[in-house]
Amino acid sequence: MRNKEIGALFDEIADILELRGENRFRINAYRRGAQSLTRALRDIDELAHDDALTAIPGIGRDLSAKIMEYIETGTIRYLDELREETPDVLLEMLRIPGVGPKTSRLIYEELGVKSLEDLALAAREHRLQLLPKIREKTEENILKGIEFLERSGGRIPLGTAYPLASRIVSSLSELEVVVEASFAGSLRRMRETVGDIDILVSSPDPEAIIQGFTHLDIVERVLAEGKTKGSVITKEHIQVDLRVVPSESYGAALNYFTGSKEHNIRLRELARQRGMKLNEYGLFRKTRSGREKRSAGASEEEVYEALGLVYIPPEIREDTGEIEASKRGEIPQLVSADDIRGDLHVHSDWSDGVSSLEDLVRAGLGRGYGYIVVSDHSKSLRIANGLSENRLLRQIEEIDRVNEKTRGFRLLKGSEVDILPDGSLDMSEKLLCMLDIVVVAVHSRFKMSRDKMTKRVIGALENPYSSILAHPTGRLIGERDAYGIDLDAVFDAAAETGTAIEINAHPSRLDLDAAAARRAAERGVLIGIGTDSHDPALDFDHMRYGLGTARRAWLTPDHILNTRSVRSLLSIFRRKQKRQQ
DNA sequence: GCCGTTTTCGGCCCGACTGTTTTCAGTCG
């Protein structure tokens with residue numbers, strides 16, 4: 001999928017056009033095009049091949065020609081020319097919070113800075129104050145902005161943002177004047193990384209809330225402190241924005257601040273078409289006397305309803321077809337925490353986990369699960385204390401003993417078996433056939449050709465005993481890219497062989513990602529959500545990120561393996577064994 | 001530059017805060 005790659009180029013064109021002060025609607029057209037490409041479900045090369053590029057919303061005659069040019073020649077001449085005429089530092093300055101195109105150009109033209117280091121020096125020497133409309137405060141903010149960029153270096157993983165946001169929401173909820181409080185933004189949509197944390201509160205006394213917020217003990221620096229809006233940097237260098245609205249606007253505001261931006265724009269257009277206006281205070285209709293009357297706003301549900309839509313869950317508010325589905329009344333019942341009956345990928349202290357088998361039973365029961373798949377590493381993974389075949393035999397006996405003592409819960413015998421470079425499994429058939437669930441995964445030799453890796457993984461899926469393919473791309477968010485693999489070919493093989501594919505719920509993996517999981521499910525692949533837990537006290541909670549990813553992929557309980565009972569689970573893989581043998 | 005249930009031309013989402021100014025431009029989400 002090169003969609004993101006081309007989307008980034010259109011964004012760059014938009015940035016440069018903005019710096020040049022071009023027509024803002026033209027700039028917006030490139031931004032929309034970029035967003036559309038990034039979110040498109042189908043592969044751009046495929047669409048180009050079918051001559052169907054203009055079917056993507058926001059892609060018309062000009063943009064599709066530029067996409068074709070890029071596919072054919074590997075470059076867009078127009079962008080090359082723009083780059084030629086635009087010094088890099090102008091674009092770099094745009095990344096500083098508070099610096100936009102106008103300021104960037106002003107600084108460059110008047111001071112001739114060549115780099116962000118140059119700019120920082122100019123700020124420290126107070127030379128920025130020589131410029132019109134820049135005084136002490138702006139200069140300080142630019143300096144702090146550069147430092148922020150250097151320290152934070154980009155986006156925050158979901159696994160960091162979610163607990164922090166939850167803590168802030170519960171601290172704020174303790175304030176007397178708070179009516180409702182929630183986090184919003186890309187965090188509420190459960191994106192795998194977020195740029196900042198957005199918090200929304202309803203209250204009759206906004207200023208008290210803003211005061212309370214800017215004085216929380218997590219705050220390092222206050223960026224903004226208005227009547228209804230506050231913004232801080234935490235000690236971990238994460239930006240947190242707070243908005244306070246009256247109760248009658250809470251739903252409209254929650255909707256607005258949850259986004260996505262593209263989803264909101266569609267909603268606003270819909271409101272306009274119906275002669276209404278939607279903003280963060282509500283949905284308004286003009287009365288005959290010319291005054292505005294609120295028709296909805298207290299809850300998100302009533303906003304959608306007043307727009308003639310069925311409620312759309314936050315995770316799918318990305319303008320990838322949810323508005324149309326909602327108009328038709330066809331929003332799926334997304335899988336939720338209540339549907340999950342067990343965890344499919346858990347390590348114990350037999351390999352690199354910290355818990356005994358008994359601890360796992362207690363932790364599983366504590367979460368209301370009916371089963372857990374014990375999936376310790378196989379013998380090749382020595383670094384993680386992988387189990388020799390003899391130790392696995394002993395573990396199987398031990399699991400039987402633990403299960404005998406337990407009512408209403410079952411430890412399933414499993415293993416996370418290495419997929420060897422030739423596609424075979426790191427375990428003899430004699431042992432494989434004694435296991436309930438065989439999780440298979442690549443843990444070594446990542447750097448092979450895309451073709452070989454695809455064959456290797458498909459080879460493992462064709463093994464009659466493999467049940468679930470774990471973390472199919474091997475990516476570690478912000479650390480390691482996915483290895484080269486043809487996922488669509490893997491999905492076809494999984495559907496063909498009756499093998500499930502994992503959404504690994506660990507926040508540093510989330511592998512499959514939502515877009516890929518959606519494609520897999522559309523091809524008929526059953527999806528299992530596993531936490532890859534090494535410590536139940538910390539890692540069992542990661543199920544929520546796996547669920548978030550599944551929901552972003554539009555998945556219902558029917559698509560998910562671990563919404564099934566133990567019996568149904570086991571029968572699925574017995575069927576596969578029979579078919580493949 | 002895109003797009004059409006007020007349309008093939010004339011629109012294109014909306015509001016808060018900051019910092020600099022005396023009424024608002026720039027930035028952000």
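Residue numbers start from 1 in every chain, and the chains themselves are labelled A, B, ... in the order their sequence lines are given, proteins ahead of strands.
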| request: Just call it for A:K227: base, sugar-phosphate, or nothing, with non-hydrogen atoms closer than 4.0 Å on any strand. | output: sugar-phosphate
| field | Given B:dG1, B:dG29, B:dG15, the nucleotide with the shortest approach to the side chain of A:N23 | value | B:dG1
| request: Describe the nucleic acid contact of A:S231 in one word from base, sugar-phosphate, nothing, applying a heavy-atom distance below 4.0 Å. | output: nothing
| request: Taking only the side-chain nitrogens and oxygens of A:R268, find out if one of them lies under 4.0 Å from OP1 or OP2 of B:dC13. | output: no
| field | Side-chain donor-acceptor contact under 3.5 Å, A:E248 with A:Y281 | value | no
| message | Taking any heavy-atom pair under 4.0 Å as a contact, classify A:R243: base, sugar-phosphate, or nothing. | response | sugar-phosphate
| Across the strands shown, which category fits A:I96 at heavy-atom distances under 4.0 angstrom: base, sugar-phosphate, nothing? | sugar-phosphate
| Qualifying residue for side chain to side chain donor-acceptor pair (under 3.5 Å) with A:D511, from A:T473, A:N504, A:T549 | A:T473
| message | By the 4.0 Å heavy-atom rule, please label A:L63 as base, sugar-phosphate, or nothing. | response | sugar-phosphate
| request: Give A:R24 one of three labels, base, sugar-phosphate or nothing, depending on what nucleic acid heavy atoms sit under 4.0 Å from its own. | output: nothing
| said: For B:dG29, give the paired nucleotide (Watson-Crick: N1-N3 plus N6-O4 or O6-N4; G-U: N1-O2 and O6-N3; both under 3.5 Å), or none. | reply: B:dC14
| request: Have a look at A:F257 and say if it touches a base, only the backbone sugar-phosphate, or nothing, with a 4.0 Å heavy-atom cut-off. | output: nothing
| task | May I ask you to say what A:P132 touches in the nucleic acid, namely base, sugar-phosphate or nothing, with a heavy-atom cut-off under 4.0 Å? | result | nothing
| remark: Of the listed B:dT18, B:dT27, B:dG1, the closest approach to the A:D62 side chain comes from B:dG1
| query | In whole angstrom, what separates A:E280's CD from B:dG15's P? | reply | 7 Å
